[in-house]
Amino acid sequence: MTELDSFLLYALTAVILFALGLSSLLSRRHLLRKIMGLNIMSAGAFLLFISVAHRNGKVFADPVPQAMVITGIVVSISATGFALALARRIRKKTGLTSLDYREEPSPENHNRP
Amino acid sequence: MHHFYLLMAMFLFLTILAGLLRVFIGPTKADRMLAAQLFTTTGTAICLLLAEALQLDGVRDTALVFVILSIMAVAAFVRRLEPKNPGGEP
Amino acid sequence: MTIWNIFSILFCLAGGAFFLAGVVGMLRFPDAMSRLHALTKADNLGLGFIVVGLCLRSLVVPVIIKLLLIWLTVLLASSTACFLVGNYILQEAEEKPQEN
Amino acid sequence: MTDTLFDMTLCAALILAAWRVLHSSDHFQAVVLFITFGLILALAWVRLEAPDIAIAEAAVGASLAGVMLLDALRVMRSVGKEHEQEKRWTSVAKLPSFHLFFSFATVLILSVVLISAVTELSDAQGGLTDLVHAELEGSGTKHPVTAVLLNFRGYDTWIELGVLLLAVLGVLSIRECSNLHSLAPPVATTIVLENLVRGIMPLVLLVSGYLLWRGGFAPGGAFQAGVVLGAGCILLWMAGHRSLTMLHDATWRILLILGFLAFLALGSYSLLSTGVFLAYDRQYASIQIFLLESAATLSIGTTLAGLMLALQPLKKDLPR
């Protein structure tokens with residue numbers, strides 16, 4: 001198998017990860033799953049970058065996409081932290097773990113932090 | 001020699017795949033966490049083997065980072081938010 | 001192929017065997033406490049053998065030091081992790097009857 | 001042959017883990033699988049010969065993100081009717097059907113577009129490796145990735161430090177606290193963990209410094225060092241140590257903005273002296289890059305640790 005095929009393999013995996021993450025972001029109700037879906041989407045994007053970088057690289061993968069992905073990883077963890085803060089705030093204020101406000105909050109756990 | 005280490009890494013990776021089954025079936029949280037702990041060690045071993053197979057020295061640093069932070073997930077798992085039975089054992 | 005390489009292969013195979021034993025134990029043992037036991041074998045001996053095997057392969061002092069440092073840290077961290085999880089299992093077992 | 005087999009197993013494992021993360025019935029299982037996904041992804045970076053990213057992923061995906069999610073899971077447990085909903089294999093059923101239709105149509109269209117884009121990409125050749133290597137001389141560092149991060153695309157890194165700063169400010173405002181001193185003290189843990197952390201913390205600091213130093217000529221650098229430093233601060237907190245809250249409030253704030261300010265100061269200096277923003281003197285480039293990297297390491301470490309610590313219980317929330 002040639003270098004090209006290993007690129008295609010990783011690139012298609014990247015697309016599948018992106019699609020999985022996106023579908024979960026759009027259709028799962030629980031906020032934590034949405035956040036995890038977002039993270040898997042970004043993992044897919046990173047994987048596409050690096051599969052291209054690996055094909056174009058010499059000893060190491062191409063340094064420019066590598067640098068972009070490193071920045072991306074740190075941005076995505078800070079975005080995750082911020083999203084978790086928002087989600088926990090929503091849980092605390094409304095007693096819900098989703099954005100679906102038609103749902104009745106459960107009374108017994110409403111006021112717990 | 002290159003192929004031996006790569007095959008070894010692949011074999012260890014297959015044990016991770018088999019171990020995933022324990023995460024799927026559980027049944028308790030502790031079982032799942034233990035499986036994750038096993039994966040971290042296996043992942044370290046795979047990193048070391050790949051470092052040898054691909055001749056990348058930087059990968060050994062990856063293994064080092066894995067190892068020194070491996071305790072974090074377990075520590076977060078067993079942590080309690082509020083102190084429990086203050087009089088008893090800690 | 002030198003004698004070092006043969007020993008390296010043998011040690012790596014031994015390490016792989018311990019990892020296999022670890023995962024088989026993880027899948028086949030009946031409860032969490034005995035699975036803990038399987039985990040420690042893979043952590044300590046499996047990685048240990050592989051580290052020795054790779055040390056014999058590279059024979060470069062800085063690499064050997066790094067590998068041994070990794071193994072030493074795994075010994076410390078994994079035994080602590082197992083203690084913590086074991087402690088957690090015991091506490092859960094203690095709390096369960098009170099709740100029901 | 002061996003390589004291809006390894007690639008295929010790796011890709012299959014990635015997809016399997018991602019699928020189960022998003023579609024398992026139990027949230028705890030999903031979080032554990034998310035940690036495992038991070039680990040497999042780190043192995044994929046190793047395989048794709050990107051050790052810089054593998055180091056960052058090992059610290060972020062396999063530890064930091066997992067810790068944050070495990071921590072959030074405690075307070076985000078679904079209850080009542082919602083819980084029943086989540087317990088089913090997939091909980092999408094309750095959404096209105098137009099919503100489902102819309103989301104799956106979006107995903108389908110995007111996937112088709114992406115797949116066609118990817119197959120286009122497989123014909124394209126080139127990349128910037130040669131250009132980077134040609135410019136590496138005189139960039140102030142010997143490692144191409146560090147050269148790109150700190151020199152060729154310094155803007156990106158600068159703005160990225162700004163994004164980190166915004167994230168921690170956002171978390172603090174959501175929590176309605178102005179600094180870490182309003183946090184309740186950490187809960188004491190077992191003496192075993194305390195002792196391990198006591199022993200391992202010097203190693204964490206050493207590895208962080210080592211990665212910063214290695215960044216000059218080999219995989220490593222400010223981001224990896226910063227992430228390890230931040231993880232170390234969180235580890236201290238989890239072992240019952242006061243960690244970042246020990247710092248004086250002003251010190252913490254200065255550490256937060258240090259990286260951003262260092263870039264701004266150097267950029268303004270070069271703007272005044274040469275007329276170009278963030279241009280290095282060839283003569284002093286390596287020392288300037290080292291100073292920037294050290295500042296960025298401290299900022300990234302305190303920011304990431306701050307992000308996690310700011311989510312811990314506040315003094316006013318404690319019972320009694």
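Naming convention: chains lettered A, B, ... in sequence-line order (proteins, then strands); numbering from 1 in each chain.
Using a 4.5 Å cut-off between heavy atoms, L193(D) touches chain C through backbone and side chain atoms alike. Only the side chain of L84(C) comes within contact range of chain D, with at least one heavy atom under 4.5 Å from a heavy atom of that chain.
In this structure, CG on L196(D) lies 9.5 Å from OG1 on T73(C), to the nearest 0.5 angstrom. The structure places CG of N195(D) at 9.0 Å from OG1 of T80(C), a figure rounded to the nearest 0.5 Å. Between atom OH of residue Y88(C) and atom OG1 of residue T190(D) there is a gap of 14.5 Å, rounded to the nearest 0.5 Å.
Heavy atoms of other residues, nucleotides or ligands lying less than 6.0 angstrom from CZ of F7(C) number 12 at most. Within a 6.0 Å sphere centred on CZ of F290(D), heavy atoms belonging to other residues, nucleotides or ligands number 12 at most. Other residues, nucleotides and ligands contribute over 12 non-hydrogen atoms within 6.0 Å of the NZ atom of K41(C).
Using a 4.5 Å heavy-atom cutoff, the side chains of V192(D) and N87(C) are not in contact.
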